[in-house]
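Beneath this line is the structure, given in structure tokens, with notes to follow.
Numbering of ligands and ligand atoms starts at 1, following listing order. The figures that follow rest on heavy atoms only: side chains count, while hydrogens, waters and symmetry mates do not.
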Amino acid sequence: KPMENRITDIGPQKYDKFYPPVIAKNKGKWLYHEIIKPGVLVHVAESGDEVYTVRCGGARLMTVTHIREICEIADKYCGGYVRWTTRNNVEFMVDDKAKCDALITDLEGRKFDGGSFKLPIGGTGAGVTNIIHTQGWIHCHTPATDASGPVKATLDELFSDFQNHRLPAQLRVSLACCLNMCGAVHCSDIAILGYHRKPPLLDHEYLDKMCEIPLAIAACPTAAVKPSKVTVGDKEVKSVAVNEDRCMFCGNCYTMCPSMPLADQEGDGIVLMVGGKVSNRISMPKFSKVVVAFIPNEPPRWGTTTATIKRIVEAYAAGANKYERLGDWAERIGWERFFDKCELEFTHHLIDDFRDPAYYTWRQSTQFKF
Ligand code: SF4
Ligand code: SF4
């Protein structure tokens with residue numbers, strides 16, 4: 001039967017169905033926008049219409065109760081419209097200043113029992129916006145660190161910079177809990193990356209029953225996995241062998257084959273990378289570079305990770321020129337001085353010496369200068 005005009009609930013509906021009326025009316029006809037104060041923006045259209053946006057920090061994982069409260073606020077002030085940014089901020093939009101003021105007063109009064117804001121306003125301009133992160137220990141199978149735990153602890157440390165514009169430029173912090181990286185850690189000002197340091201274990205007894213062996217072999221980017229035959233009890237079974245010298249602990253094989261786990265209490269931890277960005281301003285977009293090769297997992301408050309990040313942010317705030325992103329600052333003063341100023345130890349793990357001609361073909365910039 002023809003499927004035309006069928007209405008289903010499969011997949012997202014077309015985005016423009018959800019534009020607030022003032023956005024739909026002025027689409028493509030905006031004159032300018034400005035940040036009135038941290039977390040509050042105004043967009044002005046050619047028609048004279050204004051849109052005030054109040055940005056609030058949200059959690060990546062939200063309870064239904066919390067989402068209901070957000071929807072109630074949207075119903076009360078915004079005609080039922082609300083949007084989420086890619087960094088898990090919630091944005092309420094209204095079309096006049098009086099409504100905006102009432103909305104802000106309401107949001108500022110909403111607190112948890114302990115006194116912290118339910119929907120803190122901020123995350124714009126020259127400050128820290130919400131930390132984007134991946135799934136962590138509960139929701140993925142390959143993490144080398146948790147996601148929401150270290151992110152909460154880090155944002156607690158940086159919270160004042162979520163609420164003000166003290167920094168020289170915006171500071172994007174991201175977390176990916178393994179280097180398969182469904183976060184944006186390759187291009188963040190500060191990136192928290194979960195890293196395994198041990199090769200996968202091999203559960204020979206179940207491997208052939210649980211896994212497509214050719215798939216596990218093909219999944220390895222360094223060709224470290226090869227087929228093998230192993231004796232288990234009195235039987236010879238099909239399995240795989242791992243060349244440990246070639247393994248870079250990425251976990252791809254485990255993604256394909258649950259009988260190759262590599263999570264390990266001592267082996268797993270955090271790498272810090274800095275200086276990445278996607279903007280063309282001042283300098284070309286760049287990848288983040290490793291500056292701390294390993295920090296052990298320290299739940300629940302991740303003390304070493306958060307203290308190190310705080311040190312980097314304070315050194316950046318004190319030393320960078322206005323509009324310089326963290327990587328621009330490090331390049332201007334030299335990476336050696338960056339390590340001094342942030343009190344980071346330089347080790348041989350940090351030497352960035354990609355010599356493989358294969359890498360020369362990577363486009364490291366949207367400007368395609370080389
Ligand atoms: Fe899973 Fe890795 Fe993504 Fe974390 S970054 S959610 S471990 S694939
Ligand atoms: Fe290969 Fe990565 Fe598995 Fe190591 S962890 S064997 S590099 S797929």
Side-chain angles (χ1 to χ4, degrees), residues 59-62 86-88 130-154 172-188 190-204 206-208 210-228 230 238-273 276 287-288 290 293-297 299 302 305 349 354 356 358-359:
R60 177 163 170 191
L61 302 174
M62 287 180 171
T86 52
R87 303 189 78 91
N88 312 322
N130 222 349
I131 301 181
I132 193 82
H133 69 86
T134 52
Q135 342 261 16
W137 281 331
I138 294 181
H139 292 281
C140 191
H141 58 299
T142 47
T145 189
D146 195 16
S148 7
V151 162
K152 165 79 172 112
T154 303
R172 295 279 186 253
V173 185
S174 308
L175 179 145
C177 42
C178 86
L179 47 71
N180 287 319
M181 206 197 65
C182 18
V185 296
H186 61 294
C187 59
S188 298
I190 298 181
I192 308 166
L193 175 66
Y195 190 57
H196 298 286
R197 294 185 304 169
K198 295 190 182 176
L201 300 170
L202 302 172
D203 190 350
H204 295 301
Y206 293 102
L207 202 138
D208 189 30
M210 303 271 289
C211 318
E212 293 279 353
I213 288 178
L215 213 53
I217 293 167
C220 179
T222 62
V225 183
K226 64 176 185 183
S228 76
V230 186
K238 285 188 196 166
S239 188
V240 297
V242 171
N243 179 344
E244 296 191 356
D245 290 340
R246 292 188 78 109
C247 179
M248 62 174 185
F249 326 123
C250 67
N252 270 357
C253 52
Y254 181 54
T255 298
M256 292 299 156
C257 175
S259 297
M260 300 177 73
L262 75 170
D264 181 272
Q265 192 171 351
E266 270 105 51
D268 296 355
I270 282 173
V271 170
L272 292 182
M273 299 158 78
F287 286 130
S288 320
V290 176
F294 189 76
I295 301 173
N297 284 322
W302 311 85
T305 299
H349 296 293
F354 283 141
D356 186 337
Y359 293 106

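- Below 4.0 Å from some heavy atom of Pro221 lie the following atoms of ligand 2, by number and element: 8 (S).
- Looking at Pro143 and Thr145, their side chains never come closer than 4.5 Å, going by heavy atoms from C-beta outward.
- With respect to atom 1 (Fe) of ligand 2, the closest heavy atom belonging to the protein is Cys220 SG, 2.3 Å.
- Counting protein heavy atoms only, atom 4 (Fe) of ligand 1 is closest to Cys177 SG, 2.3 Å.
- With ligand atoms numbered from 1 in the order given, ligand 2 contributes 6 (S) to contacts under 4.0 Å with heavy atoms of Val225.
- Each of the atoms 7 (S) of ligand 1 lies under 4.0 Å from some heavy atom of Pro143.
- Taking OG1 from Thr142 and CG from Leu262, the interatomic distance works out to 8.0 Å, rounded to the nearest 0.5 Å.
- Atom 4 (Fe) of ligand 2 lies under 2.8 Å from an N, O or S atom belonging to Cys247.
- Nearest protein heavy-atom contact of atom 3 (Fe) of ligand 1 is Cys182 SG, 2.1 Å.
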Solution key, residues 266-273 side-chain donor-acceptor pairs under 3.5 Å, sequence neighbours excluded:
residue, atom, partner, partner atom, Å
Asp268, OD1, His196, ND1, 2.8
Asp268, OD1, Asp264, N, 3.4
Asp268, OD2, His196, ND1, 3.4
Asp268, OD2, Asp264, N, 3.0

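- Rounded to the nearest 0.5 angstrom, Asn252 CG and Cys220 SG are separated by 7.5 Å.
- Close approach of ligand 2 to Thr222 is summarised as follows: ligand atoms under 4.0 Å from at least one heavy atom of the residue are 7 (S).
- Checked against the 2.5 Å cut-off, the SG-SG distance between Cys140 and Cys177 does not fall under it.
- Contact annotation: Pro199 has no heavy atom less than 4.0 Å from any atom of ligand 2.
- For the atom pair NZ (Lys238) and CG (Leu207), the distance works out to 12.0 Å, reported to the nearest 0.5 Å.
- Protein heavy atom in closest approach to atom 6 (S) of ligand 1: Gln135 CG, 2.8 Å.
- Atom OG of Ser239 and atom CG of Asp208 lie 8.0 Å apart (nearest 0.5 Å).
- Looking at Tyr254 against ligand 2, nothing comes within 4.0 Å, counting heavy atoms.
- When hydrogens are left out, the protein atom nearest atom 7 (S) of ligand 2 is Met248 N, 3.3 Å; that is the closest non-hydrogen contact.
- Near Cys140, meaning under 4.0 Å from one of its heavy atoms, ligand 1 places the atoms 1 (Fe), 6 (S), 7 (S), 8 (S).
- The aromatic rings of Tyr195 and Phe249 sit perpendicular, their planes meeting at an angle over 60°, well past the 30° parallel limit.
- Distance check, rounded to the nearest 0.5 Å: CD1 of Ile213 to CE of Met256 gives 14.5 Å.
- Evaluation of the side-chain contact (heavy atoms from CB on, under 4.5 Å) rule for Pro227 yields Ile217 as partners, not counting sequence neighbours.
- Shortest contact from atom 8 (S) of ligand 2 to any protein heavy atom: Cys253 N, 3.3 Å.
- With ligand atoms numbered from 1 in the order given, ligand 1 contributes 1 (Fe), 2 (Fe), 7 (S), 8 (S) to contacts under 4.0 Å with heavy atoms of Thr142.
- Protein heavy atom closest to atom 2 (Fe) of ligand 1, with residue, atom name and distance, is Cys178 SG, 2.3 Å.
- Not a single heavy atom of Ala223 sits closer than 4.0 Å to an atom of ligand 2.
- The CG atom of Leu202 lies 8.5 Å from the SG atom of Cys257; values are rounded to the nearest 0.5 Å.
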